[in-house]
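What follows is a set of notes on a single structure, which appears directly below.
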Amino acid sequence: MARVQVTPETFTLVDYDAGAIAGLTEELAAKTGFPDDVDITVEIDEELPLPLTGATADVVDGRAALWFSGANFEDGRYRTHFDEPVARTELAIGLLRAADRLGPGFADAPVDEQLSDAHRHAWEVWAEGRVARLGEHTRRVRRLYHFRLYNGFTDVADAAFERLWSADALAWSDIEAICAECAASDPRPALKKKGSIRRETLKAASG
Amino acid sequence: MKKILPVEELARDSRFVRARIEDAISDPRQAKVSERNTGSARLEPARPAAADRARQLMHGIFVGEIQALEGAGRTTFDFDDDEIPFQLKLDMARQCWDESRHCEISVKLSEHMGSEIGEFTEATFLYEAACAPDALLRLTGVNRALEGLAIDVFNTMKEFGDVSGDPVLAACEDWMLADEVTHVKMGSDWLRRLTENDPERRERALEFQRTVDKLFSLGGFRGETDENPIQLARKFREMAGFSTEEIDDLSEVATEAQEEARAAADALHGVASGD
Amino acid sequence: MTASGAPRPAFAPWDRRELPGLFGVVESARRVGNYKWIEMRLFEALGGWVATVPELDVKFVLGRQCYHHAWHAELWNKRLPELREMNTERLTEPPNEEMVKFVDAVRDPEAPELTIEKLVGVYRVLIPRKVAAYTFHMNATSRITDAPTIRSLGFILQDEMEDWREGEMLLQSLIQTPEEVERASRRQQALEDLIRSAGGITGPGTLGNPEGQADEAAEGVSVG
Ligand SMILES: [Fe+2]
Ligand SMILES: [Fe+2]
């Protein structure tokens with residue numbers, strides 16, 4: 001069995017190719033230094049169009065379990081079309097975050113579905129900063145906007161973003177500390193609990 | 001240069017890609033996603049994918065502003081001196097400048113949110129309502145319907161800026177909102193003046209506005225319930241010359257549009273699942 | 001009153017304005033009518049072109065400047081009744097048929113690849129002609145009797161100079177190849193020829209008539 005499994009094997013709603021995505025994942029796993037002996041599953045929810053983006057990166061039974069909304073790989077200019085540079089970044093971010101979870105520094109991190117938006121976005125900033133340093137296409141200002149939305153439109157949050165983006169090594173406790181610092185200077189009332197567009201979560205919530 | 005420029009001829013640089021209505025209709029994800037609970041309809045940070053939803057909406061506002069600019073500009077050119085009053089032309093030229101500023105603001109706001117020009121497709125239904133050959137229909141289609149939609153959208157975006165604590169977004173939307181109230185008021189005033197002695201013509205123009213308003217309600221995108229991402233901005237519409245009855249009417253039109261869209265989605269789903 | 005109690009002169013020593021000007025009321029009104037006409041044709045063209053130019057920066061500039069010229073037309077429209085022309089439409093006209101031909105030619109380009117042609121017409125031919133006509137009027141008319149026109153001319157000329165500079169900078173950045181230089185020159189030459197035939201924004205004598213100046217001045221004095 002191949003190390004990378006992409007679900008679905010055949011896309012029927014969007015113009016994506018599971019084989020090509022598996023190939024990109026292999027390539028980016030090597031590029032990001034993802035451990036050779038860990039299997040990777042990439043699940044893509046092809047029902048979700050732009051702008052309904054979302055992604056999770058967990059470690060389940062010793063393998064990296066990456067879930068993406070189809071929107072994360074979609075070309076905003078051409079409906080249902082695959083945007084390779086964007087997809088590469090998304091896959092690389094997922095791989096780096098799953099690799100983080102394999103190390104001792106992130107042993108205490110909750111699974112993605114239980115992370116707060118602030119924590120998950122902070123972690124993704126760190127991951128995208130690393131992807132940028134690998135020479136991949138990244139969208140720094142978009143990432144900053146996402147980060148500010150959950151950690152505050154403040155100078156403290158902007159400084160935290162810079163630290164996260166350029167950090168080489170962090171642990172879960174560092175992410176927690178950085179988000180706590182942002183929260184302390186954020187004048188907004190505490191944000192409402194996040195929602196989710198994952199089908200599994202919805203089933204659980206409605207069932 | 002000819003009078004009345006058709007929508008296909010709007011000039012764009014290579015970054016822009018036009019949305020084709022048939023692509024949206026034939027996208028099978030539409031029916032699927034309507035069955036899913038994708039969170040609260042209102043734009044707020046807790047809404048799933050709030051950041052990208054806001055970015056896409058902002059890009060939609062940007063291209064909408066370009067089309068509003070083009071629509072106002074065309075109205076200054078398309079009608080001869082004996083067809084529309086001089087003062088109306090001046091008002092349209094003023095609107096042209098305002099929309100030009102809105103485009104500039106929208107570019108800056110899009111940059112602030114990390115979007116690129118042309119990152120999302122451009123739908124051109126706004127301009128389509130802005131190129132009617134009858135000046136009065138433009139006033140109702142553009143100044144009352146399109147600019148009215150702008151009031152609703154900017155008010156929603158301003159509220160999103162407020163709840164997300166984004167001072168740049170909130171301030172910019174508030175400035176644009178002030179201009180749009182002026183534009184709608186221009187439409188309300190000119191409609192009244194130009195049809196003072198012609199109630200039939202006025203009724204035809206208002207009928208056209210109702211049609212456009214239904215189109216602009218975008219199948220439930222705009223309305224007054226918790227299900228509508230864009231809320232009718234009653235207070236600002238009143239400032240712009242809409243009567244309470246007119247706003248009630250619009251609310252009804254929006255509800256109709258939502259019900260029709262739902263019925264269409266159900267029918268499509270029935271076909272898709274073989275029911 | 002001065003400290004000595006002597007009344008002050010009506011004109012301060014530095015106020016060197018004189019009564020005589022080159023135009024009377026009638027001539028001033030005629031010119032103002034031509035100004036309003038050209039400002040209208042220009043703001044309409046800029047407004048119409050917005051949708052036909054693909055360059056975003058040009059689109060936004062045209063949208064902004066469309067209103068500048070509309071405002072100028074409004075100022076002239078307000079000035080006409082003050083010059084005894086109660087039916088402002090009557091004098092809102094071109095000076096001659098050649099002027100109509102020139103304006104039609106300026107407004108003719110439509111295709112999205114003709115931005116250079118559009119801008120050359122406005123910024124290298126029409127606006128320089130307007131600047132010249134307005135400056136002549138400002139310098140030639142009576143600084144006392146026609147002061148309201150001069151005040152409007154001051155505001156308008158400020159816009160024209162700034163808009164001219166902005167348009168010229170757009171053109172310089174758009175003209176990148178020898179072929180584009182050629183296109184711009186050809187276009188300018190064709191339009192120059194047309195406006196030369198028209199005699200300028202207000203027809204022959206737009207910038208005065210060196211031989212006939214004495215006569216016009218006399219009229220100005222007699223009316224003023
Ligand atoms: Fe606008
Ligand atoms: Fe507007």
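In what follows, chains are A, B, ... by sequence order, proteins preceding strands, each numbered from 1.
- Other residues, nucleotides and ligands contribute over 12 non-hydrogen atoms within 6.0 Å of the CD atom of E22(B).
- Using a 4.5 Å cut-off on side-chain heavy atoms (C-beta onward), R77(A) and E122(B) make no contact.
- Shown here for G165(B) and F153(A), the closest heavy-atom pair between the two residues is O-CB, 3.3 Å.
- A salt bridge links D45(A) with R36(B); the closest basic N to acidic carboxylate O contact falls under 4.0 Å.
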Problem - Stepwise side-chain contact (heavy atoms from CB on, under 4.5 Å) test for H146(A) and R55(B) - result: CA-CA 10 Å; H146(A) 282 233; R55(B) 288 194 322 112; 4.3 Å; yes
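- Only the side chain of R148(A) has a heavy atom closer than 4.5 Å to any heavy atom of chain B.
- For the pair R29(B)/L13(A), a side-chain contact is recorded, criterion being any heavy-atom separation below 4.5 Å from C-beta on.
- In terms of heavy-atom pairs under 4.5 Å with chain B, the best-connected choice from L50(A), T53(A), T12(A), D186(A) is T53(A).
- In this structure, the side chains of Y145(A) and D52(B) stay at 4.5 Å or more apart for every pair of heavy atoms.
- Of the two parts of R139(A), only the side chain, counted from C-beta on, holds a non-hydrogen atom closer than 4.5 Å to a non-hydrogen atom of chain B.
- With respect to chain A, the highest number of heavy-atom pairs below 4.5 Å among A54(B), S115(B), G118(B) belongs to G118(B).
- Using a distance-only test at 3.5 Å, with no hydrogens or angles considered, a donor-acceptor pair links the side chain of Y150(A) to the main chain of P45(B).
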Problem - side-chain contact (heavy atoms from CB on, under 4.5 Å) evaluation trace for F120(B) with D75(A) - result: CA-CA 8 Å; F120(B) 302 98; D75(A) 187 336; over 6 Å; no
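- Between R79(A) and D23(B), none of the side-chain N atoms (NZ, or NE/NH1/NH2) sits under 4.0 Å from a carboxylate O, so this pair counts as no salt bridge.
- Contact detail for A49(B) and P51(A): the closest heavy-atom pair is CB-O, 3.5 Å.
- Between R188(A) and V163(B), the closest side-chain pair of non-hydrogen atoms is not below 4.5 Å.
- Looking at L52(A), the atoms closer than 4.5 Å to chain B (heavy atoms on both sides) sit in the backbone and in the side chain alike.
- Using a 4.5 Å cut-off between heavy atoms, H59(B) does not touch chain A at all.
- For Q56(B), the part lying near chain A is the side chain, with the backbone staying farther off; criterion is any non-hydrogen pair under 4.5 Å.
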